Amino acid sequence: MSENEKAIEKAINNTKASFAVEGLYLSDSEERLIQKKVTGQLSDEEFLNEVKKLNKLE
């Protein structure tokens with residue numbers, strides 16, 4: 001695993017921990033979507049469209 005991948009994993013784990021303190025949890029789908037966004041696989045617009053789909057807002 002590259003240093004960049006480790007940093008991304010750490011950031012996601014920190015985010016998940018912060019969410020858990022508030023009683024919120026990321027689904028596996030949400031986590032994969034975030035990983036795609038931070039690795040540049042999705043543009044901002046694509047990311048927002050996928051978030052809307054996941055939350056049935058479209």
Side-chain angles (χ1 to χ4, degrees):
M1 182 180 292
S2 73
E3 289 300 316
N4 189 41
E5 290 170 327
K6 287 179 188 176
I8 291 168
E9 185 176 333
K10 182 178 179 180
I12 289 174
N13 287 336
N14 288 341
T15 300
K16 287 169 60 175
S18 294
F19 274 34
V21 168
E22 299 296 326
L24 304 169
Y25 302 92
L26 290 176
S27 69
D28 290 338
S29 297
E30 291 167 330
E31 187 173 339
R32 283 191 300 275
L33 187 58
I34 292 167
Q35 288 174 334
K36 285 182 178 181
K37 174 61 181 127
V38 298
T39 59
Q41 295 175 41
L42 293 175
S43 68
D44 289 343
E45 184 176 347
E46 291 169 324
F47 177 76
L48 291 175
N49 286 334
E50 292 300 318
V51 168
K52 288 176 185 178
K53 286 180 191 175
L54 272 177
N55 292 289
K56 299 176 176 67
L57 298 174
E58 278 194 341

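Bear in mind that the values here come from a model prediction, so they are computed numbers and not experimental data.
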Item checked: Min side-chain heavy-atom separation Leu33-Leu42 under 4.5 Å -> yes

Answer yes or no: is there a side-chain heavy-atom contact under 4.5 Å between Val51 and Glu30? no

If hydrophobic clusters are built from ILVMFWY residues whose side chains come within less than 4.5 Å, do Leu24 and Ile12 share one? yes

To the nearest 0.5 Å, tell me how far [X] [atom1] sits from [Y] [atom2].
X: Glu3; Y: Glu5; atom1: CD; atom2: CD; answer: 10.0 Å
X: Ser29; Y: Asn55; atom1: OG; atom2: CG; answer: 10.5 Å
X: Asp44; Y: Leu48; atom1: CG; atom2: CG; answer: 6.5 Å
X: Leu57; Y: Asn49; atom1: CG; atom2: CG; answer: 11.0 Å
X: Leu26; Y: Thr15; atom1: CG; atom2: OG1; answer: 7.5 Å
X: Ile34; Y: Arg32; atom1: CD1; atom2: CZ; answer: 11.5 Å

| request: Report the C-alpha separation of Lys16 and Glu31 in whole Å, then their side-chain angles, then the decisive distance to 0.1 Å, and conclude whether the salt bridge (charged side-chain N to carboxylate O under 4.0 Å, His left out) test is met. | output: CA-CA 9 Å; Lys16 287 169 60 175; Glu31 187 173 339; 3.0 Å; yes

Applying side-chain hydrogen bond (donor to acceptor under 3.5 Å, both in side chains) to Gln41 and Thr39, what does each step give before you reach the verdict? CA-CA 6 Å; Gln41 295 175 41; Thr39 59; 3.0 Å; yes

Audit row: Glu9, Lys6, salt bridge (charged side-chain N to carboxylate O under 4.0 Å, His left out) steps and yes/no
CA-CA 5 Å; Glu9 185 176 333; Lys6 287 179 188 176; over 6 Å; no

